[in-house]
There are 2 protein chains.
Amino acid sequence: MVSPTLTRPRGDRTRQAILEEALQLATVVGLHGLTIGTLATRMEISKSGLFAHFGSKEALQQAVIETGVAHFMARVIRPALLLPSGVAAVRALFDGWIHWSSEEMAGGCLFITAAVEFDDRPGAVRDQLVELHHQWLEVVGGAAVRARASGAFRADLDEAQFAHDFHAILLGFNQARRLVNDPDAKTKAERAFQRLLRDASVSSP
Amino acid sequence: MVSPTLTRPRGDRTRQAILEEALQLATVVGLHGLTIGTLATRMEISKSGLFAHFGSKEALQQAVIETGVAHFMARVIRPALLLPSGVAAVRALFDGWIHWSSEEMAGGCLFITAAVEFDDRPGAVRDQLVELHHQWLEVVGGAAVRARASGAFRADLDEAQFAHDFHAILLGFNQARRLVNDPDAKTKAERAFQRLLRDASVSSP
DNA sequence: GCGCTATACGAACGTTCGTGCTATTTACGC
DNA sequence: GCGTAAATAGCACGAACGTTCGTATAGCGC
């Protein structure tokens with residue numbers, strides 16, 4: 001009996017290795033700054049050899065995003081959604097995102113970087129990013145709905161607004177950490193999150 | 001008596017015109033995406049003629065940022081700081097920022113776009129952006145301190161945290177508007193802002 | 001009106017980008 | 001073990017980038 005990773009064709013393995021490296025690199029330099037030449041050098045492979053795996057740069061960018069999504073689903077979304085409590089899921093989404101973006105991705109959140117790069121660049125990549133953003137807000141909003149149904153959150157809570165505010169806190173954290181290197185970025189994000197939770201919870205007099 | 005804009009050397013006028021156009025273009029394509037060739041074409045001027053005004057692309061980028069700062073100071077910061085009330089200043093900063101970024105800048109806030117582009121690109125431009133970010137948070141925090149002194153905001157309010165949260169709302173608005181074209185972006189930002197104000201204000205039982 | 005200087009131009013530079021083509025190597029079923 | 005197909009390398013391309021250089025032109029003090 002052999003490990004399935006060994007029976008898998010060689011090309012698939014190198015393609016996956018390329019995407020793993022490309023994902024980390026893209027978090028630093030962006031999807032547009034991600035260049036086939038430097039990626040090939042980093043992988044110690046020829047430019048044309050790497051190129052053949054994707055056929056176009058746009059296809060590479062899409063594949064990188066999908067790789068990032070797979071990571072994000074496995075490390076942030078799925079563990080959170082497994083939790084029975086809605087409040088615990090919200091908490092896990094927050095903690096998971098902070099940890100994932102600051103500890104597992106070399107240059108922070110790829111999706112935020114890519115969103116800024118492509119918000120004025122129509123095409124398949126942009127469409128993909130928009131779709132991902134909607135899905136992400138739905139995941140957060142869905143957890144809020146569960147928390148509301150369980151009685152932990154206010155009955156009149158607007159889950160779309162909650163998800164929007166939740167996401168904005170993450171944007172603030174990302175910028176505080178990446179641009180100004182604020183050592184208190186995590187603390188500030190945590191305080192903002194607690195304020196959001198307090199407002200969403202049923203009032204405790 | 002002649003208008004000062006006519007006595008000013010010709011070169012200064014074209015330089016200013018270039019920067020005006022470059023600022024709008026940079027809000028769309030970013031400071032890195034801003035290219036001397038396309039900018040020259042847009043201005044109906046030669047590439048080398050335009051280049052001579054700045055000497056390097058980095059100098060152009062810095063000049064564009066300074067142009068953006070001048071706009072931002074004139075249209076957002078100064079009017080707000082003239083208000084006698086701290087709360088009114090906070091409100092004016094918020095409204096002013098929303099209006100400025102969505103109505104006066106073709107591609108949204110230049111500083112947010114540039115921050116993402118340069119957060120991993122050390123150099124003079126990045127340093128400039130970090131400094132601007134600090135100054136901006138200090139302006140917001142200063143207005144909060146005034147509101148606290150006037151008794152409108154809680155005595156134990158952390159103005160740095162307030163400024164951080166304030167800024168995060170703007171980041172959320174910018175992304176909602178630019179990436180997903182959310183028609184409710186302004187409404188959501190307003191709701192988030194009201195929640196921030198409510199939390200900062202002295203409790204009304 | 002002359003002459004100096006600021007301003008703009010056109011061409012070319014060396015790089016780097018993404019992307020084709022064609023060979024050569026490598027892996028794997030039979 | 002051999003043959004075929006997949007995988008990679010090598011090389012070249014056209015375009016675009018920032019930048020430099022020599023030259024022409026326009027504006028303005030005198």
Side-chain angles (χ1 to χ4, degrees), chain A residues 1-22 25-26 28-65 114 117-118 121-126, chain B residues 1-22 25-26 28-65 114 117-118 121 123-125:
Chain A
M1 177 139 81
V2 193
S3 160
T5 59
L6 291 179
T7 61
R8 211 191 331 172
R10 188 167 70 104
D12 285 17
R13 266 179 289 142
T14 61
R15 188 189 142 102
Q16 201 53 38
I18 290 170
L19 287 174
E20 227 67 64
E21 180 76 23
L25 189 54
V28 176
V29 298
L31 276 178
H32 191 249
L34 176 68
T35 192
I36 296 178
T38 58
L39 184 57
T41 305
R42 192 84 78 104
M43 294 294 297
E44 293 180 326
I45 209 179
S46 77
K47 218 171 75 162
S48 54
L50 190 149
F51 183 81
H53 278 281
F54 304 98
S56 78
K57 176 154 186 192
E58 192 179 35
L60 168 64
Q61 292 171 330
Q62 293 184 254
V64 169
I65 292 179
E117 281 187 286
F118 285 86
R121 225 182 277 264
V125 176
R126 196 201 124 104
Chain B
M1 179 139 78
V2 192
S3 161
T5 58
L6 291 180
T7 61
R8 213 191 328 172
R10 188 167 68 103
D12 285 18
R13 268 178 288 142
T14 61
R15 188 190 140 102
Q16 201 53 38
I18 291 170
L19 286 174
E20 227 67 65
E21 181 75 25
L25 188 54
V28 175
V29 298
L31 277 178
H32 191 250
L34 176 68
T35 192
I36 295 178
T38 57
L39 184 56
T41 304
R42 192 84 78 103
M43 293 294 298
E44 292 181 327
I45 209 179
S46 76
K47 220 171 70 161
S48 52
L50 190 150
F51 182 83
H53 278 281
F54 305 98
S56 77
K57 176 155 186 192
E58 192 180 34
L60 168 65
Q61 292 172 328
Q62 293 184 255
V64 169
I65 292 179
E117 281 187 287
F118 285 87
R121 224 182 279 263
V125 176

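Quick caveat, the model's predicted, so the values are computed rather than measured. Order of the sequence lines sets the chain letters (A, B, ...), proteins ahead of strands, with each chain counted from 1.
Contact annotation: side chain of Ser46(B) to base of dG10(C), donor-acceptor pair absent below 3.5 Å.
Between atom CG of residue Leu60(A) and atom CD1 of residue Ile18(A) there is a gap of 8.5 Å, rounded to the nearest 0.5 Å. Going from atom NE2 of His53(B) over to atom CD of Gln16(B) covers 11.5 Å, rounded to the nearest 0.5 Å. For the atom pair Ile36(A) CD1 and Thr41(A) OG1, the distance stands at 11.5 Å (nearest 0.5 Å). In this structure, His32(A) NE2 and Phe118(A) CZ are separated by 7.0 Å, a value rounded to the nearest 0.5 Å. Rounding to the nearest 0.5 Å gives a distance of 12.0 Å between OG1 of Thr38(B) and CE of Met43(B). Considering CG of Leu19(B) and CD1 of Ile65(B), their distance stands at 11.5 Å, rounded to 0.5 Å.
Here dG18(C) presents its P atom at 5 Å from CD1 of Ile36(A), a figure rounded to the nearest Å. As a whole-Å value, the separation of Leu39(A) CG from dT16(C) P is 17 Å. dG20(C) atom P lies 15 Å from atom CZ of Phe54(A), rounded to whole Å. In this structure, Glu44(B) atom CD and dC9(C) atom C1' are separated by 15 Å, rounded to whole Å. Rounded to a whole Å, the NE2 atom of His32(B) is 12 Å from the C1' atom of dC17(C). Atoms CE (Met43(B)) and C1' (dT7(C)) sit 14 Å apart, rounded to a whole Å. We find that CZ of Arg15(A) is positioned 12 Å from P of dT8(D), with the value rounded to whole Å. The CD1 atom of Ile18(A) sits 11 Å away from the P atom of dA7(D) (whole-angstrom rounding).
Contact between the side-chain N/O atoms of Thr14(B) and the OP1/OP2 oxygens of dT7(C) is not found at any separation under 4.0 Å. The phosphate of dT8(D) (OP1 or OP2) has a side-chain N or O of His53(A) nearer than 4.0 angstrom. Here Ser48(B) does not reach the OP1 or OP2 of dA8(C): none of its side-chain N or O atoms lies under 4.0 Å away.
Residue contacts shown for Leu50(B) are absent, as no nucleic acid heavy atom lies under 4.0 Å away. Within the nucleic acid shown, Ala52(B) has no heavy atom closer than 4.0 Å to any nucleic acid atom.
Comparing atom distances between the Ser56(B) side chain and each of dT19(D), dC17(D), dA9(D) picks out dT19(D) as nearest. When the nucleotides dC17(C), dT19(C), dT20(D) are ranked by their closest atom to the side chain of Phe51(B), dT20(D) comes out on top.
Residues Leu25(B) and Arg42(B) approach most closely at CD1-NH2, 2.7 Å, considering heavy atoms.
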Might you list the N or O atoms of the protein lying below 3.5 Å from N or O atoms in nucleotides 12-14 of chain D, with each pair's distance?
none

